[in-house]
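Following: one structure in structure tokens, then a few remarks.
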2 protein chains.
Amino acid sequence: MSEGPPATRDRLVYAAMTLFSEKGYGSTSVSDILRQAGANSGSLYHAFPTKQDLLLAVLEAYKGGIEPMLLEPAWGAVADPVEKVFALLDCYRNHLAVSECTYGCPIGSLALELHEPDPPVRQLLADNFEGWRRHVEACFEQARPRFRPGFDPARAASFTLTVMEGAVMQARTYRSLDAFDQAVASLREYLDAMTIDHPPTEKD
Amino acid sequence: MSEGPPATRDRLVYAAMTLFSEKGYGSTSVSDILRQAGANSGSLYHAFPTKQDLLLAVLEAYKGGIEPMLLEPAWGAVADPVEKVFALLDCYRNHLAVSECTYGCPIGSLALELHEPDPPVRQLLADNFEGWRRHVEACFEQARPRFRPGFDPARAASFTLTVMEGAVMQARTYRSLDAFDQAVASLREYLDAMTIDHPPTEKD
DNA sequence: CCCTCCCTTGATTGATCATTCAACCAAGTG
DNA sequence: CACTTGGTTGAATGATCAATCAAGGGAGGG
């Protein structure tokens, strides 16, 4: 159908996505992006009025990519809703591991780098967090019967995001997965504590 | 004794500390710092070979300031060791509140902004985290009797740092304290679950 | 009074940055 | 073929940046 060529615009967004997550927004120059994408400045400024508009496109791409690029691969083989959450965390762990603890969550990095972001940028960062959180919430919602009555799936999902981002930050700072693994283990302890003690009848 | 004047060097460090935490390292120009400190570029480059060496001095200052500037004020009125931890978290909450959720943890911001920091910078960021973590660990250690046998104070302290940093990130991104408060509440649930159930004899 | 040492002054340098623009190209369309 | 439209080229622009440096100031010691 609308199968296009390797459109310049897309190459620019992809190059920017890569470089922003490698070096941050401020430390990535427009010429870095042009070199990586094999484009000229005129093309970039034909597609985007400004470097910041390119950032907006990148954040839109992340937002739209949560499901197909992140969750789909992470959840392919996992059925249990709570294990899906830990499979997702393990996916971040893998990214850290293969990059020697330098690649973390690109959204989190941008969120802390941009101290006074223009409203549309901040909104898209928040949208990304919110999208992620909602998918995790759905897992907890689906597993609700196994949790204690007061358990709040929305709050647990928010807490999961909190733990993931804090854990990634420490992994990158220490250049070690220790704190990350400990945080995930603690999160599991937390969820176990929220679980209804199954009557030790069946197989125990 | 060595009571000095408002030494230029100190004004520079203080100005840089303020500006780095307001706008980040990369977005703070040397001339911003000079203006804020009321100094000239020659003075800065007399005291520090490089902008990055000024960053090192700032990180050293944070490191040395953890106890007198952060813990002392936060813990003045609090005796219970576990409540000290929550008093510390409440201190970050206050900073967020008075700044409309823009000021968070300066170390965390720098840790995520500087993607490939020179080794000394990364080391000082890690030292700051480690110093913070150790003080929190001491609280949990002191309260150890009330926790279940397997409880690990070091891991709980690391988890507390994880939660604090993740919570600050979300507060800043959403420009709201909701996720922060939820994260702190969840952390308390976690610690409650780790606590030995007092025999319901006394007042219950 | 002079000399030395430490610190400051502030204009200057060269690099790099985001952005602009006139010219150009190629694919349609009539 | 003429003409428009959407996209590309890449040199040029002006701003801003970190860093430099020759010149000076002034306190203290002799």
Side-chain angles (χ1 to χ4, degrees), chain A residues 1-59 110 113-121 124, chain B residues 1-59 110 113-121 124:
Chain A
M1 321 307 173
S2 65
E3 177 56 43
T8 305
R9 193 197 138 97
D10 292 345
R11 274 183 295 125
L12 286 165
V13 172
Y14 183 72
M17 199 167 355
T18 306
L19 290 167
F20 290 167
S21 95
E22 270 176 13
K23 333 198 309 169
Y25 176 72
S27 302
T28 300
S29 74
V30 170
S31 41
D32 287 337
I33 299 167
L34 297 174
R35 197 176 324 115
Q36 174 98 0
N40 291 91
S41 61
S43 295
L44 193 157
Y45 285 95
H46 179 77
F48 304 100
T50 234
K51 186 190 176 190
Q52 181 177 293
D53 291 276
L54 178 53
L55 171 62
L56 292 174
V58 166
L59 290 174
L110 290 169
E113 176 187 350
L114 305 167
H115 286 237
E116 282 165 344
D118 282 32
V121 174
L124 270 174
Chain B
M1 322 304 179
S2 66
E3 176 55 45
T8 305
R9 194 196 137 97
D10 292 345
R11 276 183 293 123
L12 285 166
V13 171
Y14 184 72
M17 200 166 355
T18 307
L19 290 167
F20 289 166
S21 96
E22 270 176 13
K23 334 196 310 172
Y25 176 72
S27 302
T28 299
S29 73
V30 169
S31 41
D32 287 338
I33 300 168
L34 297 174
R35 195 178 323 114
Q36 174 99 359
N40 291 91
S41 60
S43 296
L44 193 155
Y45 285 97
H46 178 77
F48 304 99
T50 237
K51 187 190 177 191
Q52 181 177 292
D53 291 276
L54 178 54
L55 171 62
L56 291 174
V58 166
L59 290 173
L110 290 169
E113 176 187 351
L114 305 168
H115 287 238
E116 283 166 347
D118 282 33
V121 174
L124 270 173

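Each chain gets a letter, A, B and so on, in the order the sequences are listed, and its residues count up from 1. None of the values given here were measured: they were computed from a predicted structure.
Rounded to a whole Å, the CZ atom of B:Arg35 is 15 Å from the P atom of C:dG10. For the pair B:Leu34 CG and C:dT8 C1', the interatomic distance rounds to 12 Å; values are reported in whole Å. The nearest whole Å value for the distance from the CG atom in A:Asp32 to the C1' atom in C:dC17 is 11 Å. Across the protein-nucleic acid pair, A:Phe48 atom CZ and C:dA18 atom P stand 15 Å apart, rounded to whole Å. What separates CG of A:Leu44 from P of C:dC17 is a distance of 14 Å, to the nearest Å. Here the P atom of nucleotide D:dC17 and the CD atom of B:Gln52 are 19 Å apart, to the nearest Å. Atom NZ in B:Lys51 sits roughly 17 Å away from atom C1' in D:dT20 (whole-Å rounding). A:Leu54 places its CG atom 14 Å from the C1' atom of C:dT19, with the value rounded to the nearest Å.
For B:His46, no side-chain nitrogen or oxygen approaches OP1 or OP2 of C:dT8 to under 4.0 Å. A close approach under 4.0 Å does not occur between any side-chain nitrogen or oxygen of B:Thr8 and OP1 or OP2 of C:dC7.
Closest contact between the side chain of B:Asn40 and the listed nucleotides C:dT9, C:dT19, C:dT8 involves C:dT9. Minimum atom distance to the side chain of B:Tyr45 is reached by D:dT20, of the listed D:dT20, C:dG10, C:dT20. For B:Ser29, taking side-chain heavy atoms from C-beta onward, the closest of the listed nucleotides D:dA18, C:dC17, D:dA19 is D:dA18.
Judged purely by distance below 3.5 Å, without hydrogens or angles, the side chains of B:Ser43 and B:Asn40 never pair a donor atom with an acceptor atom.
Here the OH atom belonging to B:Tyr25 is positioned 10.0 Å from the CG atom belonging to B:Leu110, to the nearest 0.5 angstrom. The distance from atom CE of A:Met17 to atom CG of A:Leu59, rounded to the nearest 0.5 Å, is 9.5 Å.
Here B:Ser43 lies in heavy-atom contact (under 4.0 Å) with a base. B:Thr28 comes within contact range of the sugar-phosphate backbone alone, with a heavy-atom separation under 4.0 Å but no base atom that close.
In terms of polar N and O atoms assigned as donor or acceptor, the side chain of A:Ser41 never comes within less than 3.5 Å of the base of D:dT9 in a complementary pairing.
Within the 4.5 Å cutoff, side-chain heavy atoms of A:Lys23 are placed close to those of A:Asp32.
With hydrogens and angles disregarded, no donor-acceptor distance shorter than 3.5 Å links the side chain of A:Gln36 to the backbone of A:Leu19.
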